[in-house]
2 protein chains.
Amino acid sequence: MDTDGTDDTDDTDDMDTDGELTVDAPHRELLDQVLDKWSLSVLNELCGRPCRFNELRRSIPAVTQKSLTATLRRLERNGVIERDVISTRPTAIQYRITPLGKTLRHPVDVLLAWASDNLPAIERARAAFDAQENP
Amino acid sequence: MDTDGTDDTDDTDDMDTDGELTVDAPHRELLDQVLDKWSLSVLNELCGRPCRFNELRRSIPAVTQKSLTATLRRLERNGVIERDVISTRPTAIQYRITPLGKTLRHPVDVLLAWASDNLPAIERARAAFDAQENP
DNA sequence: CAGGATCCCAAACGATACTG
DNA sequence: CAGTATCGTTTGGGATCCTG
C-alpha cells in the first residue's frame, strides 16, 4: 500500500474546467484495491455463484495460490466479498459476493464495454506509435 | 443506479468453447495501461486544458519525473493523449487529450462515482476487517 | 481442502545526475 | 524546459514446501 504522506501544501488546484473527474488519493487507492490484476476475474466468477478456494483456482488457471489468497483477502477487507467457513471435516470455505460487491458490476461493466469498443482503435494507435518511435 | 438484476453479461470474452484459454483478455491489459497509478490524474488535468510537462508535474506533486514520463508515453502509445512539439527556443512540448481519450471520461466517471458513493461503506468494511483480524 | 511461510526474481518506483 | 540515463530500493508475483 502506498501512502504518500507528502501532501502538497503548495499547489492543490484540482480545478475541473469542463467536468467533474475528481481523482483523489482515496479514490485511486480504492480502485487499486478493487481493480487489480486478479480482482476482475474473481469478481466475475463470484458474481455467478459462490465458489470455494480451489474452485476459483481452477476457474482462473493463471493465478497462483498466493496471489489468489491475497486477492481474496483484499476483496474481503474492502467488503465486496465474504468468506463462509463451513464446518465440515476438512473445513470447506466458500466465498461469495456481497451486496456492495454487486454494485461494482455496473461500473466495471461500463469500463469493459469501453475497452471492447475501443480495442481496435487502441491497437491501431499502438501499432502506429511503435512503428514510428521504434523502427 | 445499479440495475444489474439480470445483466449477467460477461464482457470478458468467452473463448472457452473448445478449451480453457481463459483469464485474460486484452481487456485487463488495456485497463492496466490506461488506469494505472498516475493516468487518472494526468487525464484529469488534460481533460481541462492542454498542459506542458512541468505544468503537469506541478499539478501532480506526488509524481516523479520518471513516472510522469512513463505515464505520458504509455497514454500516448494507447492513443488517448497526443504530444505537440512547439518549436520555440527551448522546445516547448504540449500534451493534449485526443477524441479517443475523451471517450474514456465517461467510464472513468462512472467508476469514480461508484468510489465516491461507496467510500464510506468500504472504509467501514476495512475498519471492521482490521479490527477482527488484526487486533 | 484451504492456506501460511519462504525464497527469489522481475518489474515498478524514487532519487539523483546529466543533456539538448 | 523536457526530458534521458543510471542506480538503489521497494513491491508483487511465482514456485515450492509445509500445516490444520
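Since this is a predicted model, take the numbers as computed values, not measurements. Letters A, B, ... mirror the listed sequences (proteins, then strands); counts begin at 1. The analysis underlying the following values was restricted to heavy atoms, covering all of them including side chains, and did not include hydrogens, waters or symmetry mates.
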* Asked: Which residues within residues 65-73 of chain A lie with some heavy atom under 4.0 Å of an atom in DNA chain C?
  ->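 The stretch gives A:Gln65, A:Lys66, A:Thr69, A:Arg73 as the residues lying under 4.0 Å from the strand, ordered by number.
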* Tell me whether the OP1 or OP2 atom of D:dC1 has a side-chain N or O from B:Tyr95 closer than 4.0 Å. => no
* Can you pull out how bent the helix from C:dC1-D:dG20 to C:dG20-D:dC1 is, comparing the axes over its first five and last five pairs, to 10°? =>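 About 40° separates the two local helix axes.
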* With heavy atoms under 4.0 Å as the rule, sort B:Arg57 into base, sugar-phosphate or nothing. =>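 No contact at all - B:Arg57 keeps every heavy atom at 4.0 Å or more from the nucleic acid.
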* Asked: So what does A:Arg52 hit on the nucleic acid, given a heavy-atom distance under 4.0 Å: a base, only sugar-phosphate, or nothing?
  -> sugar-phosphate
* Would you say the side-chain atoms of A:Glu76 pair up with the backbone N or O of A:Arg73, donor to acceptor, closer than 3.5 Å? ->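 The answer is no, because no donor-acceptor pair under 3.5 Å joins these two groups.
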Integer-rounded Å distance: [N] [atom2] and [X] [atom1]:
X	N	atom1	atom2	answer
B:Ile81	D:dA2	CD1	C1'	14 Å
B:Leu56	D:dG3	CG	P	10 Å
B:Glu55	D:dC1	CD	P	10 Å

[X]: side-chain contact (heavy atoms from CB on, under 4.5 Å) partners, not counting sequence neighbours:
X	result
B:Asp36	B:Ser39, B:Thr71, B:Arg74
A:Asp84	A:Gln94, A:Arg96
B:Arg124	B:Pro120, B:Ala121

* Asked: Which two nucleotides bound the region of DNA chain C that has atoms under 4.0 Å from heavy atoms of chain A, read 5' to 3'?
  -> C:dC1 to C:dC7
* Asked: Is A:Asp32 paired with A:Arg28 through a side-chain N to carboxylate O contact shorter than 4.0 Å?
  ->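 Answer for the salt bridge query: yes.
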